Amino acid sequence: MTIDSKIKIKLYNTLSRKKQDFVPIKADNVRLYVCGPTVYDYAHIGNARPVIVFDVLFRLLRHVYGEKHVTYVRNITDVDDKINARAAQDFPNLELNEAIKRVTQKTTDQFHKDVKALLCLEPSFEPRATDHIAGMIEMIETLLEKNHAYQAEGEVLFDISSMKDYGALSNRKLDEQKAGARIKVDEHKKNAGDFVLWKLSSESEPGWQSPWGRGRPGWHLECSVMSEALLGKQCDIHGGGLDLIFPHHENEIAQSCCAHENDKMANYWLHNGFLQVEGKKMSKSEGNFITINELLESDKFGGKKWSGDILRLAMLMTNYKEPIDFSVVRLEEAEKILGKWKNTILDLGLVFNKETQKEIEELDPCSKLLYALADDMNMSGIISHLHRHASGKKLHNANRLFGSLQLLGLVSFATMQQFQQAKEKQNQDVDVVFIEKQISLRLQALSEKNWQEADIIRNELATAGISLKDGKDEKTGERITSWEIKK
Ligand code: AMP
Ligand code: ZN
């Protein structure tokens, strides 16, 4: 893959509510943080959307700035009350800490399998919240010192009225968060929107020693601390799904900016739209979800298994900010399109073997597609460029098609090699001698004007998946027939 510094990236920034030119703080270390899963249960295909969208962004950044100059952090949230509840439920006979370990390990392993199947690159770092507790305690101490936090009833809370710009990301005014007729304020909170930085744990709950007693951190704090630990006090891009804008990202900004006395935690905030089922966000609480694993391994959705690249394309057929209504029809469409693209790559002459690997992996994407990708990941533009190359007739089109699909993570040398081998096997399974014999019988029938017999042979071959194409030999003018396996 080449580095392409001519490409100018534009991104829609939730913070400014505008599409802006992307200018990294340091071009030799572009820094991206994406909120990762809370590992209490298998990820559903709605959770797959940010993983795929930000993987595409990561690939674009690597293409423009160089692989070594982009750092991508996606965390694992392995401390959360949902995890504790799941552990107690699934392993009632184990000591809670041991049960929690089992739940988080199993879920994390599954998540890794899932995202690999979706052809996502590994992030540069994948920090676990439990490895950063000391940093969390430190940040709370700083916030207390600077009067942005207070202790009440066994909790340390962030005081949102202590921050002038609180609510800038989600465009909420502090007045709206104040105690009012509609929001019941917990007695111990100064403002209804004050959120937990630390809370005490009971003896049976997991906890860490701190100046405020044995307890555990609040969720928002985890990302502030992991982002600082791996990307510094201010990074370039922070991303996640739309539902994270408030309160999660708003509160991350509050903690980080107040602790570091910075006006920004990240310069660009990106949010993907929801994956929906019948107009409703797919979520655990709605119960309208299907896990990535179920889609890949079971036949619960549309009566068959779907491969990760199909799900990936099904997501990428829509611009990332827009909602997707998920359906079997969408998967079928993605399957058809991807199959057509892969066939075109082979039909136009690319061969996937050891000798060709290096050259193929270095194939460049189509430059117009790159411009569309750099334009806030404009997927509709991207898909139309892919279709354009797929309808081309030259090896050049195959090269560009492969280079582009590879950049988007929709194919790799390995997936194309598998596809090629499967196709070769399918061809070998065909009895070539039999087909050639039937074709010559049919040609004979045609020459005798025995149309009925000729049609019978054609139809029999069609039933066996072989289609015939009649033509004329250019030199002799004789009738000839070629055949192919129907796609
Ligand atoms: P959670 O485990 O709920 O914190 O979600 C992990 C990530 O998935 C976050 O970035 C969420 O915003 C995102 N997410 C959750 N549900 C959906 C959905 N239905 N569509 C798109 N993104 C989602
Ligand atoms: Zn986060």
Side-chain angles (χ1 to χ4, degrees), residues 14 32-55 57 72-83 86 103-104 107-108 110-111 114-115 118 120 123 125-129 132 136 139 169-170 195 217-231 235 237-256 265-266 269-292 295 311-312 314-316 318-327 330:
T14 308
L32 165 67
Y33 186 100
V34 175
C35 297
T38 303
V39 285
Y40 72 103
D41 202 356
Y42 286 11
H44 60 65
I45 54 179
N47 302 133
R49 193 168 186 198
V51 176
I52 293 170
V53 163
F54 290 103
D55 180 64
L57 180 63
Y72 173 23
V73 177
R74 188 183 62 217
N75 71 289
I76 299 274
T77 293
D78 61 351
V79 42
D80 188 279
D81 287 356
K82 287 198 280 268
I83 298 174
R86 176 54 67 99
V103 169
T104 55
T107 317
T108 305
Q110 186 60 46
F111 179 72
D114 292 346
V115 297
L118 298 174
C120 293
F125 296 100
E126 195 180 53
R128 288 163 197 244
H132 288 266
M136 296 178 204
M139 189 175 273
L169 182 73
S170 57
F195 56 91
W219 170 40
H220 314 307
L221 186 68
E222 300 174 11
C223 287
S224 280
V225 169
M226 287 184 274
S227 175
E228 183 199 349
L230 293 159
L231 299 176
C235 72
I237 305 171
H238 196 114
L242 210 58
D243 52 340
L244 297 190
I245 297 177
F246 187 85
H248 186 54
H249 287 166
E250 196 72 77
N251 292 348
E252 282 186 33
I253 292 174
Q255 296 160 155
S256 297
M265 174 189 184
W269 289 80
L270 264 64
H271 295 98
N272 64 268
F274 291 140
L275 185 90
Q276 305 178 333
V277 185
E278 290 167 0
K280 273 201 179 134
K281 177 192 168 201
M282 178 174 284
S283 71
K284 290 272 159 70
S285 53
E286 281 288 340
N288 60 352
F289 66 93
I290 176 153
T291 65
I292 302 170
L295 195 81
L311 178 59
R312 188 174 173 101
M315 296 276 184
L316 293 177
T318 300
N319 286 333
Y320 78 94
K321 288 197 296 294
E322 288 164 22
I324 292 180
D325 247 313
F326 208 69
S327 64
R330 174 178 278 264

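Counting starts at 1 for both ligands and their atoms, following the listed order. Along the sequence shown, residues are numbered consecutively beginning with 1. Computed from a prediction, not measured in an experiment: that's the story for all the values here.
Selection from D243, L244, D80 by nearest heavy atom to atom 12 (O) of ligand 1 gives D243.
Residue L275 has at least one N or O atom closer than 3.5 Å to an N or O atom of ligand 1. Any N or O atom pair closer than 3.5 Å counts here, and G241 shares at least one such pair with ligand 1.
The closest side-chain donor-acceptor pair between D55 and Y72, if any, does not fall under 3.5 angstrom. Using modelled atom types and a 3.5 Å distance limit, the side chains of T318 and R330 yield a donor-acceptor pair. For the 3.5 Å distance criterion, the side chains of N251 and Q255 fail to qualify, holding no donor opposite an acceptor.
In terms of protein heavy-atom proximity, atom 1 (P) of ligand 1 is closest to N47 ND2, 4.1 Å. Distance from atom 13 (C) of ligand 1 to its nearest protein heavy atom, with residue and atom name: P50 CG, 3.7 Å. Atom 23 (C) of ligand 1 has G46 O, 3.4 Å as its closest protein atom, hydrogens excluded (heavy atom only).
Between W219 and H248, the ring planes are parallel. Angles under 30° get that label, and only those over 60° would be called perpendicular.
Residue side and main chain included, H249 places no N/O/S atom under 2.8 Å of the Zn ion (ligand 2). In summary, C223 places an N/O/S atom under 2.8 Å from the Zn ion (ligand 2), meeting the contact criterion.
Proximity to G273 (heavy-atom distance under 4.0 Å) selects the following atoms of ligand 1: 21 (C). Near M282, meaning under 4.0 Å from any of its heavy atoms, are these atoms of ligand 1: 16 (N), 18 (C), 19 (N). Every atom of ligand 1 is numbered from 1 in the order shown, and the set under 4.0 Å from a heavy atom of G240 is 10 (O).
At a 4.0 Å heavy-atom cut-off, ligand 1 touches H44 through the side chain alone. With a 4.0 Å heavy-atom cut-off, ligand 1 is reached by the side chain of N272 but not by its N, CA, C or O.
Considering every non-hydrogen atom in both I245 and T14, the closest pair reads CD1-CG2, 3.8 Å. Minimum interatomic distance between R49 and G273 (heavy atoms only, all atoms of both residues): NH1-O, 3.0 Å. Scanning all heavy atoms of the two residues, the minimum distance from L270 to F54 falls at O-CZ, 3.6 Å. Summarising the geometry of R128 relative to T108, their closest heavy-atom pair is NH2-CG2, 3.7 Å, with the distance given to 0.1 Å.
Taking the Zn ion (ligand 2) as the apex, the angle formed with NE2 of H248 and OE2 of E252 is 70°, to the nearest 10 degrees.
The OG atom of S227 sits 10.5 Å away from the NE2 atom of H132 when rounded to the nearest 0.5 Å.
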